[in-house]
Asker: 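Input: one structure, supplied below.
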There are 2 protein chains.
Amino acid sequence: MEQAYIPHLSVDCVLFGFDEKQLKVLVVERDRLQEEDAKYHSGLLKIPGRLLFEEEYLEDAASSIIEELIGNESIPLQQFQVFGNPNRIKSPNDLLWLESQTKLPIKRVVTICFYALIKITDALTSTLNSHRAKWIPINEARGLAFDHDEIVREAYQHLKKELTASPLEFNLLPTYFTLNNLQALYEVILDQQFDNRNFRKKILKLPYLIETNKMETNVNHRPAKLYCFNEELYQKNKREMSLFFL
Amino acid sequence: MEQAYIPHLSVDCVLFGFDEKQLKVLVVERDRLQEEDAKYHSGLLKIPGRLLFEEEYLEDAASSIIEELIGNESIPLQQFQVFGNPNRIKSPNDLLWLESQTKLPIKRVVTICFYALIKITDALTSTLNSHRAKWIPINEARGLAFDHDEIVREAYQHLKKELTASPLEFNLLPTYFTLNNLQALYEVILDQQFDNRNFRKKILKLPYLIETNKMETNVNHRPAKLYCFNEELYQKNKREMSLFFL
DNA sequence: ATAGTTAACGTAATTAGTACGTTAATAAAA
DNA sequence: TTTTATTAACGTACTAATTACGTTAACTAT
């Protein structure tokens, strides 16, 4: 059964990834319109999102958008802000594109935005390619379609704030990671340097950070111990640990 | 010119007030429907809100709702969450009421929620009465129409989190207040006691808390100095002071 | 072997936070 | 006029957390 879109409401997702060096966001190509689609198919970039269906839960819409791109359906989502100015869609092409997608006359779209943290290794390149999606460094997310520059900027602010308040960003790391991986993540997100020895002392207090007996391999220096994240202990402890972390 | 409503979108406001003892929220009566409106006119309670107009900014809608009830138009608003489950309007009467208000067929309403802090003395009793609005203690906000119980609960959580992260709740106090007024506010919102002497030391570090030469009057004990809040200094300092306060 | 690189442990000094005691100023009661 | 009740306002010793460092260990590449 085909579901009908609500022409006034959409859901957009800012998906964050971390490749051990940089914080990235996932963007997809907004197809160029037929008329201007002359030579190549590479269009303007946007963040993943679509109009809401009439009977659809907001979280379900966001999850389905993520699942299509990443394949994983159990990724925690954070609703962070609504963008709904009557004039937020400034470019006539953006509007035409929306109408071509939905076959509906579109006047104004209020979009409910979510962000999620993605293990960058979970996203298969083939799936990304087939959706013409790719990771770009957050500071290169400029000139996106609609008001998506602003949406990405605000999502980043919320992520920063959340990370300062509670240490939960393990989802951006691979399953096994070194303490220095973790520190690099904190430094990149918060744009702030930490003393390695003090960071280590502080982070090791977290009961849900588990030391394994695995070691880093293929490095040309002393290999570090690998750690992993115990989600069950995290669920138990996040309430107490949630405020005032770093 | 009459503006048309968007039948799928509304804005609701949780307005917090503080009467030196209790944290309160402003509620209005949802008119009983004609049929059941037999004896008296006191209806079910709801928080203030309405459908969005087609060309209206979200913040403007929220501001207009507040201005109508409080009269003051420059109150900072915080967008905190969207409530948009397809089945969030459970009571048939709530739906009928919406349709009677808007003369539109309503299927599903996604509501964008804001909260604001109100000096309780700014709200004129006459204005409140004419809108059949009143302040009720937050823990008595039960059995409200729609899913407004949940909305109030969530708004309160956000307020708590915000107050823990940054000390900005001066808008809940009268212009001149004692340090004990301020402490009582913190204790009520955070549901936590503070040592009077330590609270005083900590709060006096805030550069935007200004000592005046006025004194408390009409108290049968040693009168306290009155303080006020310097908004300009607050704007300058909030960035640095914003995290990790109490 | 030696140099280069990052891992991992430790400690003194500083700063912030907590738990208290004491005196001061006012109104009302005795 | 003294006493009592009540809250204001100041101060200080103790404890916990944070910061700023030094040092040694384990690995690779030359």
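Note: hydrogens, waters and symmetry copies are ignored here, and every other heavy atom, side chains too, is used. Bear in mind the structure is a predicted one, so any value in this text is a computation, not a measurement. By convention in this document, chain letters (A, B, ...) are assigned in the order of the sequence lines, proteins followed by strands, and residues within each chain are numbered from 1.
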Asker: Is there a donor N/O on one and an acceptor N/O on the other, under 3.5 Å, for the side chain of B/Asn198 and the base of C/dA19?
Answerer: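 Counting by modelled atom types and ignoring angles, a donor-acceptor contact under 3.5 Å is found here.
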Asker: Whole angstrom is fine here: how far is it from CD in A/Glu211 over to C1' in C/dC9?
Answerer: 13 Å
Asker: Pick the nucleotide of DNA chain C nearest each of B/Asp195 and A/Met215; which residue has the one closer to the 5' end?
Answerer: A/Met215
Asker: Whole angstroms only, please: what is the CZ-P distance between A/Phe199 and C/dG10?
Answerer: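 A/Phe199 atom CZ is separated from C/dG10 atom P by 19 Å.
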Asker: Nearest heavy atom decides the nucleotide; on that basis, is B/Lys225 or B/Asn220 closer to the 5' end of DNA chain D?
Answerer: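 Its nucleotide being nearer the 5' end, the pick is B/Asn220.
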Asker: Would you say the base of D/dA9 and the side-chain of B/Arg200 have a donor-acceptor pair closer than 3.5 Å?
Answerer: no
Asker: Using a cut-off of less than 4.0 Å, is there contact between a side-chain N or O of A/Lys201 and OP1 or OP2 of D/dT18?
Answerer: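 No.
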Asker: Tell me whether B/Asn171 contacts the main-chain N or O of B/Leu117 through its side chain, where contact means a donor paired with an acceptor under 3.5 Å.
Answerer: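 Between the backbone of B/Leu117 and the side chain of B/Asn171 there is a qualifying donor-acceptor contact (under 3.5 Å).
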Asker: Roughly, in whole Å, what's the span from CZ in A/Phe194 to C1' in D/dT18?
Answerer: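 So the CZ-C1' distance, A/Phe194 to D/dT18, works out to 13 Å.
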Asker: What is the separation between atom CZ on B/Arg222 and atom C1' on C/dT26, rounded to the nearest whole Å?
Answerer: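 Going from B/Arg222 (CZ) to C/dT26 (C1'), I get 9 Å.
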Asker: May I have the distance from B/Arg197 (atom CZ) to C/dT22 (atom P), rounded to whole angstrom?
Answerer: 11 Å
Asker: Do side-chain atoms of A/Asp19 reach the backbone of A/Gln22 as a donor and acceptor pair under 3.5 angstrom?
Answerer: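 Confirmed, A/Asp19 side chain pairs with A/Gln22 backbone.
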Asker: Show your reasoning for whether ring pair (Phe, Tyr, Trp, His ring centres under 6.0 Å) applies to B/Tyr227 and B/Phe177.
Answerer: CA-CA 5 Å; B/Tyr227 287 77; B/Phe177 51 85; 7.2 Å; no
Asker: Do NZ/NE/NH1/NH2 and the carboxylate oxygens of A/Glu162 and B/Lys161 come within less than 4.0 Å?
Answerer: yes
Asker: Figure out the NZ/P separation between B/Lys205 and C/dA16, and round it to whole Å.
Answerer: 6 Å
